[in-house]
Every structure is written in structure tokens, then in C-alpha cells.
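Single-structure report; data block below.
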Amino acid sequence: MQASDRFNINSQLEHLQAKYVGTGHADLSRFEWAVNIQRDSYASYIGHYPMLAYFAIAENESIGRERYNFMQLSSGKCFYRVAFLQKEKTTNERLAKRNHKGTVFALENVQSHSQRRMSSSSSSKAIIKTLIKNPTRIRSKHQAKQLHAQFLRTQSLSHTSASVVISIYTNLKLLHEALLLFHTLESPPVLAWKSVIRCFTDQSLFSRALSSFVDMRASGRCPDHNVFPSVLKSCTMMTDLKLGESVHGYIVRLGLDCDLYTCNALMNMYAKLQGMGSNISAGKVFDEMPQRIIDSETMSNALPSGIDSVRKVFELMPTKDVVSWNTIIAGYAQSGMYEDALRMVREMASEDIKPDAFTLSSVLPIFSEYVDVKRGKEIHGYVIRKGIDADVYIGSSLVDMYAKSARIEDSERVFSHLLRRDSISYNSLVAGYVQNGRYNEALKLFRQMVTAKVRPGPVAFSTVLPACAHLSTLHLGKQLHGYVLRGGYSDNIFIDSALVDMYSKCGSIKAARKIFDRMNVHDEVSWTAIIMGHALHGHGHEAVSLFEEMKQRGVKPNHVAFVAVLTACSHVGLVDEAWGYFNSMTEVYGLNHELEHYAAVADLLGRAGKLEEAYEFISNMRVEPTGSVWSTLLSSCSVHKNLELAEKVAEKIFAVDSENMGACVLMCNMYASNGRWKEMAKLRLRMKKLGMRKKPACSWIEFKDKTHGFVSGDRSHSSMERINEFLEAVMEQMEREGYVADTSGVLHDVDEEHKRELLFGHSERLAVAFGIINTEPGTTIRVTKNIRICRDCHVAIKFIAKITEREIIVRDNSRFHHFNRGSCSCGDYW
DNA sequence: TTAGGGTTAG
């Protein structure tokens with residue numbers, strides 16, 4: 001065969017098409033599509049799957065020759081049968097099967113016969129003959145082996161009967177036994193092939209299923225409709241869309257594209273392999289094709305892709321069952337085409353097909369995404385009426401739906417009613433807790449899952465790690481990391497990104513960076529996690545250069561990445577760079593400025609002391625500023641001691657959020673530090689009237705796998721005496737080295753000495769002291785505080801770090817401070 | 001032959 005003939009497929013296909021039209025064997029639209037698919041995929045399979053490619057060519061070459069003949073290829077192994085002939089054969093087979101109906105058979109006979117060690121080989125043969133016609137009666141490994149043995153004993157194991165034995169083995173999932181027999185056959189019949197292919201697929205040995213399929217075709221056997229669901233499932237699981245499309249072309253040519261199960265499997269494949277790059281838009285295939293083909297077909301007549309293919313298969317199906325509907329609905333739902341999915345549900349109902357558990361578990365995530373708890377609840381009601389509310393699939397969808405609608409109590413209720421809980425139902429609730437900020441409960445449930453012997457999969461780790469990140473529990477995070485490594489999940493991009501985030505939020509930016517550097521692929525999420533990590537640790541320049549590297553490597557920053565880089569600029573005062581990034585969002589990347597970006601820039605200007613500019617910027621935002629955006633400016637006013645502007649800003653905050661406690665507290669502090677006790681008292685009275693209570697400042701530290709919490713001024717901790725002793729001793733030395741208490745941040749109207757005492761009891765200081773007295777010299781101290789670190793404590797901890805020769809890392813609500821040798825990583829810019 | 005849960009910010 002000349003290479004040019006191979007590629008001159010267009011004209012051959014036209015002939016083939018002409019031949020089919022009017023014969024009633026295939027309708028034109030179906031056929032055209034198959035031809036398109038075949039045109040695309042056959043070329044790419046030359047070299048990769050030579051047999052499949054040859055088949056495509058063989059068909060075209062057979063046009064104009066014997067219509068009902070086989071054709072042998074030059075490879076010497078390949079046969080091809082044209083479609084309508086195959087159809088006829090299938091019908092005959094069905095008839096033949098019908099004629100055999102009514103054969104009497106009793107398995108017990110075989111057992112009793114064998115027990116009696118029958119000597120008459122003729123009667124043994126008769127029994128086997130009956131058995132072989134009723135293979136479903138054999139229900140155990142023992143019985144199957146017995147039958148096999150009988151064959152061997154009577155020496156009557158023909159190819160046909162061997163195939164039946166193989167199919168019996170495979171139906172019982174006895175792959176090993178089936179293969180032993182299979183390999184003894186010189187030319188296995190179709191039944192033998194399809195049995196092993198199905199068994200490989202059942203046991204998740206997808207690539208072996210596919211290679212068996214290719215071998216089957218190479219051996220000249222023609223598959224029937226029973227084979228394709230397995231083959232297509234294997235293509236799906238191997239994410240081999242090219243092969244799947246080639247198989248599809250073959251299915252159409254065999255006239256099997258009317259088969260219900262085959263079509264359902266086809267739809268499933270196209271739905272699952274969306275975005276796998278079916279539409280050849282570039283690359284090798286084009287290089288190999290003559291220009292004429294490229295012009296005439298690829299450009300003007302692009303192949304249907306992904307969900308379009310699903311729809312097309314669906315529309316062309318002569319009969320559809322509930323699985324067909326469920327598959328297309330799931331396909332739409334997974335590709336984000338929610339309205340289409342819901343439309344299909346309505347259409348399905350109008351065709352009088354009732355939605356089942358499959359349908360609903362595909363539909364519920366849509367309402368999670370829409371945060372439409374009303375419609376979600378309607379489904380919940382329907383599910384209860386249908387009595388399928390204990391279904392694990394539905395259950396986890398419901399848990400997720402309620403959690404995403406901020407109704408975590410309802411999630412808990414659904415979860416508690418589940419009869420069976422698998423790893424996904426646990427994950428749904430763990431994720432729900434994390435999404436609703438209930439990190440401790442997330443960790444607790446994760447532990448319960450492990451205790452209940454439900455093995456956490458990869459998703460479980462990417463779900464629970466953010467809880468550790470938020471709580472700064474490094475020891476738990478490390479344990480989970482160990483679990484991840486042992487589970488072999490260490491190259492999962494979701495988990496790796498979560499680990500990068502966890503380590504950086506738990507104060508270990510070095511470990512975070514190590515994981516990031518070891519990752520094989522980086523996406524925008526992993527880049528953002530490491531950029532944010534460096535930003536939080538005050539490595540603004542490093543963060544900015546990572547952001548540049550990300551762009552250079554062709555990863556397009558999303559809106560979260562911009563939040564990260566703007567935060568980085570903000571923490572080190574890179575005002576000009578930040579403006580550049582802020583503007584590039586809209587000008588270069590077509591991203592809208594969202595509240596977070598405005599907030600980051602406002603924060604940046606405020607920190608940099610450009611308070612008036614920040615005020616103007618917030619006033620002119622395109623989005624209505626929230627209390628929290630103004631709050632960042634308020635805290636900058638407090639840092640830069642601008643009471644006048646602070647009052648203006650506070651007014652703005654109270655206009656949108658009259659009960660903003662953070663603003664009240666900050667204003668109280670500012671009035672106090674300016675000695676304006678009257679205003680302070682007024683504000684406190686207001687807070688009291690509104691029933692507002694100040695959120696207590698607290699800090700925590702991990703010691704021996706336990707978290708020790710300290711509240712400002714609280715002396716209840718069992719180690720308090722030792723802590724005080726330490727602080728008094730260290731204070732003496734600090735004062736000798738020049739420490740002067742900065743009491744301006746103390747809001748109480750008390751004398752200086754009392755103020756100093758109050759500073760003494762600040763939670764971060766207590767936690768640091770506890771850490772130092774309980775650990776070996778040289779151990780790094782990691783403390784987390786729920787609100788911004790106090791200015792005086794910042795100075796004090798610098799001294800403490802120097803005197804005790806410790807590295808002290810304090811995470812407050814916005815960043816990390818690494819205290820080392822008398823200075824802090826933030827460079828006092830915070 | 002069909003279904004459910006996940007990472008970065010806020």
C-alpha cells in the first residue's frame with residue numbers, strides 16, 4: 001500500500017458513503033460523523049496503534065470489491081468485515097440462541113456424576129453438552145473447575161467449549177483461571193476474547209483490556225456488541241480519547257451504534273474525557289497530512305468535542321434508558337452547563353422516565369454551586385419521598401449542598417442519618433467544616449474517619465490540610481504529611497499545594513519551599529500558595545520574583561494570584577510595583593478588580609503611610625467598599641497615629657456596619673493613647689449598650705503535641721509561676737540593654753506602672769515565655785496570635801530573641817514575624 | 001454501561 005493511497009482517504013470515504021446511502025443499512029448523519037472521527041484518528045494511530053489504523057484503511061480499500069467478503073491485509077493477520085454483513089451475522093446468532101432455549105440442564109447431575117467417578121465417557125459428554133448450553137447455572141469456583149476438569153478428562157475441549165469455560169471463569173471473576181485456559185487456545189473464538197476483555201476491565205486492568213482488544217482484531221476476530229462497553233470503559237479509564245474515537249468509528253461501521261449499552265458507554269467516554277484535546281488543532285497529525293485534507297476538513301468542519309459528542313450520541317440513539325439520561329445529565333453537570341443539565345432532567349420527566357439516585361446525585365452539586373438551598377431542599381424532599389435518602393452518593397451531595405449554603409447543621413443532620421459512610425461522605429462533611437471555618441471539628445471528624453477504619457484517599461488530605469494551616473498546628477500537619485507520603489500521594493497537585501500552604505502558614509516557609517521545588521508541575525494554585533507564603537513571611541521581593549517566574553513559565557495568574565502578589569507588595573511597601581500589577585490585571589489579563597484587590601491596595605497605601613491617598617482610593621472604588629476595607633485603613637491610621645483621619649474612617653465603617661467591633665476597639669485604643677478618655681468612655685458605653693464584648697486577645701503555642709492557649713492577663717495556666725519568673729528575669733536584662741516599655745498602646749486609664757504590668761501579661765509574651773522555659777536551648781519558638789501583634793511586644797520579643805539566642809516566630813492575623821538576633825524579618829514595617 | 005467529596009484568597 002502506498003503512503004499516498006493511505007492518505008487519499010477522502011475520495012474513498014465518499015465512495016463508501018455513496019454505497020451506504022439508500023441501502024437502509026446506515027443513515028447518513030450517523031455515517032458522516034463516523035467518517036469524520038475516523039479521518040481524524042486513523043492518521044494518528046499509524047505507528048501508535050498500527051492495527052487500528054490498518055483497519056480503517058482496509059475498509060476503504062474494500063469498497064468496490066466483494067461486498068460481503070473478508071479482506072486480508074498485507075500484515076497477514078488483519079481481517080475486516082463490512083458492517084451490514086456483521087449485522088446479519090448478529091441476527092443469525094440471536095436466532096440460533098433462541099433455538100437452543102429450553103435445553104434442560106441440572107448442575108446437580110454433574111456433581112453427583114463426578115462423585116460417582118463415572119466411567120462412561122459418553123454420558124459424561126452428554127452432561128457437559130447440556131452444561132455448556134446453560135453456563136449461568138455454574139455459580140462457584142469449585143463448580144467451574146469441575147466442569148473444566150470434566151472436559152479435560154473426556155478430551156472434548158474444543159475451541160468453542162473452551163470459550164464457554166473461559167466465560168464461566170470470567171463471570172466468576174476468576175481471571176487467572178480464565179487466562180490459563182485462554183493461552184492454550186491457538187485461535188481464540190470471539191466469546192473467549194470478549195470474556196477476557198470484560199474481565200480485565202472489571203478488574204481495572206484497562207491497558208491489558210485494550211491490548212487484548214487490539215490483539216483480537218489482529219487475529220481476525222470481529223467483535224460484537226458485548227465487547228464495546230468494556231473497551232470504551234477502558235479507553236475512558238486510560239484517558240485515551242484517540243483510541244476511543246477510533247473505536248467509535250469502528251462501532252459505527254459495524255452498525256453497532258444502535259446498541260443501548262454501547263451508546264451509553266460512548267457517552268460516558270466523551271463526557272469523562274472532555275478537554276483531553278480531541279480537536280486536533282496543532283501538532284504531528286497535521287505535519288503528516290497533505291495540505292488538501294487540512295484545508296478541506298479540519299479547518300472548516302471541526303470535529304464535535306466533549307459534550308457535543310455526548311449530545312450527538314444521545315440524539316442519535318434509537319432507544320434510551322435511564323442510564324442514557326443520567327449519563328448526559330452528568331456530562332452537562334460536570335462541564336458546568338448547569339442549565340442544560342436541568343433542562344435534560346425536565347425532558348427526562350416529560351418522557352416519563354423517573355429520576356433515580358444517579359440523576360439526583362448529579363443534579364445536587366449544581367445547587368451547591370448555585371448556593372440555591374431552596375431547590376436543593378426540594379430535591380431533598382423528593383429523595384425522602386422516594387426512600388433513597390440514605391444513599392451514600394445522595395447523602396454526600398446533600399452534605400455538600402448544605403455546607404456550601406452555610407447550613408452546616410443540616411449537613412451534620414444528613415450525615416448522622418447515613419446508614420453507610422464511605423470516605424467521600426466523610427470528606428464532604430470535613431470539607432463543609434473547613435468551608436465554614438470550623439477547623440477543629442474538621443480535624444476531629446477526620447480522626448473519627450480513621451478510627452472508623454475508613455481509609456482516607458488523596459482527596460481527604462487536600463480537604464483537611466487547610467484546617468491545619470488555619471490553626472497553625474504544625475505537628476498535625478506534619479503527621480498528615482507523613483500519612484500522605486506513606487499513602488503514595490505525594491505527586492498529587494492538590495495535596496502538594498495544600499502542603500505548601502500548610503507549612504507556610506504553620507511558620508515553616510523553608511519546608512513549604514522544599515515541597516514546591518520538588519513538585520513536577522506547578523499550576524496557578526501552587527504558584528499562588530508559595531507566593532502568598534513568601535508574602536506572609538515578609539519575603540516580598542522573593543514573592544514578586546516568583547510571580548514574574550510564574551508568568552514567564554506561561555502560567556496565567558488568576559485573581560487569587562493577584563491578591564497574593566499585591567499582599568506581597570503591601571508587606572514590604574513596594575508601592576510602585578503594586579500599582580503596576582493592579583493596573584495589569586485589567587489591561588493585560590482582562591481580570592476585573594474585585595474587593596480583595598482594592599483591599600490589598602488600600603492596605604498597601606495605608607501601611608506605607610499614604611493615608612490620605614488611601615482614603616481617596618477607597619472612596620473612589622468601583623465596588624462599594626465594605627467595612628473591612630475601611631478597617632484596614634483604620635488600623636493604618638492607628639499605626640501612623642492619625643486620629644483625625646481615623647475618626648473620619650470610623651464614621652464610614654459605622655455607616656455600613658454599625659456594630660463593627662474591630663473598629664470600636666481600635667478607636668478606643670486610639671482615644672486612650674491620645675488621652676481622650678471621655679470619647680473612649682462614650683464609645684465603650686455604646687459597645688456595652690449594643691451588647692458587644694471585646695474579642696479577647698489570645699496566643700497559642702504547641703508543646704508536646706498539645707496546644708497551650710494564653711489569654712491576655714489570664715493567670716490560670718499551670719506554668720504561670722515559672723512564666724512570671726522567667727519574664728521578670730529577662731525583663732531586667734532587657735532594661736539593661738535599653739528596652740523602654742511603650743505604653744501608648746494600653747487603652748486603660750491607669751498609671752504608668754500599671755500599664756507596664758498590663759503589657760507584661762500580653763498573651764504573646766506569655767506564650768513565648770512558656771515556649772522558652774519548656775524547650776531545649778536553640779529550639780525555634782512558634783507562637784500564633786489571633787489579632788495583630790502589639791507594638792510593645794514586637795519590641796520586647798526582639799530583645800527576648802537576642803538575649804535567649806532563640807529564633808521566635810510569631811504569626812499574627814496578617815503575617816509572620818521572624819525574630820532573630822534582635823531584629824524582626826518584617827523590618828518593623830507592618 | 002451511569003452518580004457524590006479536594007488545593008491558593010476572603
Side-chain angles (χ1 to χ4, degrees), chain A residues 198 201 225-226 228-233 236 259-269 271-272 321-331 333-334 355-365 368 388 391-401 403-404 411 418 422-432 434-435 437 456-466 469 489 492-502 504-505 516 522-533 535-536 557-567 594-597 599-600 626 628-629:
Chain A
R198 227 169 126 178
T201 310
H225 66 103
N226 286 319
F228 289 108
S230 303
V231 173
L232 291 168
K233 184 176 181 179
T236 310
D259 177 64
L260 179 65
Y261 279 47
T262 303
C263 286
N264 286 345
L266 270 173
M267 284 200 292
N268 183 46
M269 176 188 78
K272 294 267 168 56
D321 66 354
V322 67
V323 176
S324 325
W325 286 95
N326 286 344
T327 309
I328 194 167
I329 289 165
Q334 283 152 9
D356 63 3
F358 284 80
T359 327
L360 301 175
S361 54
S362 296
V363 168
L364 271 167
S368 302
I388 47 174
D391 180 283
V392 261
Y393 284 82
I394 303 249
S396 31
S397 299
L398 283 169
V399 167
D400 180 59
M401 187 271 297
K404 292 219 170 88
S411 300
L418 288 178
D422 64 4
S423 70
I424 298 186
S425 23
Y426 272 102
N427 288 346
S428 305
L429 189 55
V430 173
V434 172
Q435 284 150 10
V459 176
F461 294 101
S462 47
T463 309
V464 78
L465 276 166
Y489 304 135
N492 177 312
I493 195 160
F494 284 83
I495 296 178
D496 287 344
S497 307
L499 280 170
V500 166
D501 183 57
M502 183 275 293
S504 73
K505 295 242 173 76
F516 179 82
H522 296 126
D523 62 0
E524 72 272 29
V525 175
S526 46
W527 278 107
T528 304
I530 195 67
I531 291 167
M532 198 65 196
L536 292 179
N558 62 12
H559 63 284
V560 188
F562 275 102
V563 174
V565 76
L566 290 171
T567 305
E594 289 166 26
L595 195 67
E596 292 82 7
H597 306 109
T626 57
S628 73
V629 176

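- Within 4.0 Å of A/Asn492, counting heavy atoms only, lies at least one base atom of the nucleic acid.
- The aromatic ring of A/Phe494 does not sit over the base of B/dT7, since the test of centres under 5.5 Å and planes under 30° is not met.
- Using a 4.0 Å heavy-atom cutoff across all strands shown, A/Val563 reaches sugar-phosphate atoms only and no base atom.
- The side chain of A/Pro466 approaches B/dT7 more closely than any other nucleotide in the set B/dG4, B/dT2, B/dT7.
- Residue A/Gln435 places at least one side-chain N or O under 4.0 Å from the OP1 or OP2 atom of B/dG6.
- When distances run from any side-chain atom of A/Ser462 to the nucleotides B/dA3, B/dG6, B/dT1, the shortest one goes to B/dG6.
- Regarding contacts with the backbone of B/dG4, every side-chain N or O of A/Lys404 stays at 4.0 angstrom or more from both OP1 and OP2.
- Residue-level contact check: A/Ser428 touches the backbone only, with heavy atoms under 4.0 Å from sugar-phosphate atoms and none from bases.
- Comparing atom distances between the A/Ser497 side chain and each of B/dG6, B/dA9, B/dT7 picks out B/dT7 as nearest.
- Side-chain atoms of A/Thr359 and A/Asn326 form a donor-acceptor pair, as typed in the model, at a separation below 3.5 Å.
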- request: List the steps and the verdict of side-chain contact (heavy atoms from CB on, under 4.5 Å) for A/Lys233 and A/Asn268.
  value: CA-CA 8 Å; A/Lys233 184 176 181 179; A/Asn268 183 46; 5.6 Å; no
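- Here B/dG4 is the nucleotide among B/dG6, B/dG4, B/dA3 with the atom lying nearest to any side-chain atom of A/Pro365.
- Taking only side-chain atoms of A/His559, from C-beta outward, the nucleotide of B/dT2, B/dG6, B/dA9 with the closest atom is B/dA9.
- Distance, A/Leu398 CG to B/dA3 P: 18 Å, rounded to whole Å.
- Contact annotation: side chain of A/Thr327 to base of B/dT2, donor-acceptor pair absent below 3.5 Å.
- Across all strands shown, A/Leu232 has no heavy atoms under 4.0 Å from either base or sugar-phosphate atoms.
- In this model, the phosphate group of B/dT1 is not approached by any side-chain N or O of A/Lys272 to a distance below 4.0 Å at OP1 or OP2.
- Remark: A/Asp391 engages no residue in a salt bridge (Lys or Arg N to Asp or Glu O under 4.0 Å) (not counting sequence neighbours).
- Heavy atoms of A/Val392 sit under 4.0 angstrom from at least one base atom.
- Atom CE in A/Met502 sits roughly 15 Å away from atom P in B/dT7 (whole-Å rounding).
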field: Residues A/Ile424, A/Val392; criterion side-chain contact (heavy atoms from CB on, under 4.5 Å); working and verdict
entry: CA-CA 8 Å; A/Ile424 298 186; A/Val392 261; over 6 Å; no
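- A/Ile531 places its CD1 atom 15 Å from the C1' atom of B/dT7, with the value rounded to the nearest Å.
- Here A/Pro458 lies in heavy-atom contact (under 4.0 Å) with a base.
- Among the protein residues, A/Asp496 comes within range of no part of the nucleic acid, since none of its heavy atoms lies under 4.0 Å from any strand.
- Using a 4.0 Å heavy-atom distance criterion, A/Ile493 is classed as a base contact.
- For A/Asp400, the salt bridge (Lys or Arg N to Asp or Glu O under 4.0 Å) test picks out A/Lys404, with sequence neighbours left out.
- Distance from the side chain of A/Tyr393 is smallest for B/dA3 among the nucleotides B/dT2, B/dT8, B/dA3.
- A donor-acceptor contact under 3.5 angstrom links the side-chain atoms of A/Ser361 to the base of B/dA3.
- Taking every side-chain heavy atom of A/Gln334 into account, B/dA3 is the closest of B/dA3, B/dT1, B/dA9.
- Listed candidates were B/dT2, B/dG4, B/dT8. Nearest to the side chain of A/Ala529 is B/dT8.
- Checked against a 6.0 Å centroid threshold, the rings of A/Phe516 and A/His522 count as neighbours.
- Not a single donor-acceptor pair, N or O on each side, falls under 3.5 Å between the base of B/dG4 and the side chain of A/Asp391.
- A straight line from NE2 of A/His597 to P of B/dG10 spans 10 Å, rounded to a whole angstrom.
- Rounded to whole Å, the distance from CD1 on A/Ile328 to P on B/dA3 is 14 Å.
- As a whole-Å value, the separation of A/Glu594 CD from B/dT8 P is 16 Å.
- Put simply, CG on A/Asn558 is 14 Å from P on B/dT7, counting in whole angstrom units.
- Separating the CG atom of A/Asp259 from the P atom of B/dT2 is a distance of 14 Å, rounded to the nearest angstrom.
- Looking at A/Asp321 and A/Asn264, their side chains do bring a donor and an acceptor atom within 3.5 Å of each other.
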